[in-house]
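To start, the structure itself, in structure tokens.
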Protein chains: 2
Amino acid sequence: MASELNLKAIDLGQTASTSDVIYDALRDAIIRGEMQEGETIRQESVAKLFNVSRIPVREALKRLEAQGLVTSVRYKGVVVSSISPREIEEIFEFRVLVESKLIEYAVESMTEQSLELAKSYCDAFAKETNPEKWGDLNRLFHSALYQDSGRPYYLEVIRGTNDRVERYVRAQLDLTEGMTRARRDHEIILDACFKRDVRRAADLTADHIHSAGQALIRFLQDRSR
Amino acid sequence: MASELNLKAIDLGQTASTSDVIYDALRDAIIRGEMQEGETIRQESVAKLFNVSRIPVREALKRLEAQGLVTSVRYKGVVVSSISPREIEEIFEFRVLVESKLIEYAVESMTEQSLELAKSYCDAFAKETNPEKWGDLNRLFHSALYQDSGRPYYLEVIRGTNDRVERYVRAQLDLTEGMTRARRDHEIILDACFKRDVRRAADLTADHIHSAGQALIRFLQDRSR
DNA sequence: ATATGTCATATTGGATCCAATATACTATAA
DNA sequence: TTATAGTATATTGGATCCAATATGACATAT
């Protein structure tokens, strides 16, 4: 019957299991900083929240653990991973290495479409007044820039890397200097991309990430005193 | 009681859950190439193998999926991930970028102990006649070299990266030219490390990985014709 | 012979139950 | 008062059961 065929076609899109949904929700809450680092995640409370059993929750937690977003201790529970200033510094150093390379590859083959998309995120980022959304737009902008690199593995790695420090990036953007600097950086990076200046785009990206990292480290040091 | 205290002290070391054991075993089988890519992994058969229920098996599979070693389709099952020559090429390119950087950091602060350890693996690798063990010793050698880099995150990423292509590295070593070239490369890299020649160690490492990747690509192309 | 529909079987996804362990609280002895 | 043993409770880890879906065999119509 035609109607059944129609339904089946729609169903093809619905490939997300309960464990997938829970994984996405927890990941989102963690990288947005809605859950504090060190906070323990109880299987039962998550299960109740989604009206499911603990089984899909546990599977989601295993995935988060494999990604390093939570840390699990047998018979005690999982906690949102905490991360030392030293590790943050290392991760930003890693980002400089990989993302500046990524943008090199990307600029060479960037389509007009991606450029325009990046520009729209860049503009929205600059105009946005709600700090909650700065992180989203920041991430979308960078993601759009790297999209045409033709390097899916790099992208996969960088996604995991950014997940680890996303909460701190957001905190850093909330500093007044953080946001003003990011706005300016994004505009000149985008300009270099439009001009197909590979070297400049890579160098600016390296500076952009490096300086954000340094500002973040300073911020964390100040706060701990 | 003393005896119970003793037992408890020993138990502290036993932090591995059933799911951990199964994860390790499956990961090992996959990276060694004992399971063919595309081969489906049945939960029940793994469970029977370890005399456990499917629950810990499923959790182990979720972790392998998060790492990209298996691919899962809802209600159908998981299969050992296959990887295209293009992706292999990309991953070797990524390894060149990250591992040459890693060895730079490592050489600067490498202890005598790590140098000697690397040397022992290098020697054992050169003398080993059993192809089964080449892969292990190759990995141990590189791992020893990077150990003192003081970059745990880089190491974590590279571990995941190498897991993805390990089966192919082993296949490549099995080629006569693969093993002879690797032997020679290892010795000159180690020599540069002993001499604290950072630049040379990094360049040689880049060449080593790059050439292995190229040889592998050629091998795969030949085989597919 | 081919295509389509129906049913039986296998397999995965999720829920519920039980076991193992940790933690907090209480009682007791020194 | 403090330290220790014991007990109750909470929580995780694993086993078993049921539901949802896929796959393949078989029958039937064209």
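All figures in this text were calculated on a predicted structure; none of them were measured in a lab. Residue numbers begin at 1 in each chain, while the letters A, B, ... track the order of the sequences.
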Review point. A/Lys76 side chain N/O closer than 4.0 Å to the phosphate oxygens (OP1, OP2) of C/dT21?
Key: no
Check your understanding: Between B/Ser53 and D/dT16, is there a side-chain N or O to OP1/OP2 distance below 4.0 Å?
Key -> no
Review point. Is B/Arg63 paired with B/Glu59 through a side-chain N to carboxylate O contact shorter than 4.0 Å?
Key: no
Point to revise | Set of ring-ring contact (aromatic ring centres under 6.0 Å, His included) partners for A/Tyr153, sequence neighbours left out | key: B/Phe94
**Study point:** Contacts of type side chain to side chain donor-acceptor pair (under 3.5 Å), residue A/Arg32, not counting sequence neighbours
**Key:** A/Asp28, A/Asp136
Check your understanding: If you look only at pairs with a residue in residues 37-92 of chain B, which of them pass as a ring-ring contact (aromatic ring centres under 6.0 Å, His included), with sequence neighbours excluded?
Key -> none
Point to revise | Those residues that, when tested against A/Glu37, pass side chain to side chain donor-acceptor pair (under 3.5 Å) (two or more places apart) | key: A/Tyr168
Point to revise | Value in whole Å for how far the P atom of D/dT12 lies from CD1 of A/Ile55 | key: 13 Å
Point to revise | Donor-acceptor pair (no angle test) under 3.5 Å: A/Arg58 side chain, D/dG14 base | key: yes
Check your understanding: Can you list every salt bridge (Lys or Arg N to Asp or Glu O under 4.0 Å) pair that touches residues 91-101 of chain B, not counting sequence neighbours?
Key -> A/Arg151-B/Glu93, B/Arg95-B/Glu99, B/Lys101-B/Glu104
Review point. How many Å lie between CD1 on A/Ile22 and C1' on C/dG13, as a whole number?
Key: 12 Å
Check your understanding: How close or far is atom C1' of C/dG14 from atom OH of B/Tyr75, stated in whole angstroms?
Key -> 8 Å
Exercise for review: Could you check how far CZ of B/Arg63 sits from C1' of D/dG13, rounded to whole Å?
Suggested key: 14 Å
**Study point:** d(CZ, A/Arg74; C1', C/dT23) in whole Å
**Key:** 17 Å
Check your understanding: Taking only residues two or more places apart in sequence, or in another chain, which ones meet A/Ser81 in a side chain to side chain donor-acceptor pair (under 3.5 Å)?
Key -> A/Thr71
I'd like a table of atom pairs between the protein and nucleotides 7-9 of chain D - only N or O on both sides, under 3.5 Å - with the distance next to each one.
none

**Study point:** Sidechain-backbone polar pair: A/Asp148 side chain, A/Thr111 backbone, donor-acceptor under 3.5 Å
**Key:** yes
Review point. Looking at residues 38-51 of chain B, who's got a heavy atom less than 4.0 Å off DNA chain C?
Key: B/Ile41, B/Arg42, B/Gln43
Point to revise | Those residues that, when tested against A/Tyr23, pass ring-ring contact (aromatic ring centres under 6.0 Å, His included) (two or more places apart) | key: none
**Study point:** Polar side-chain contact A/Arg54-D/dG14 base: donor and acceptor under 3.5 Å
**Key:** no
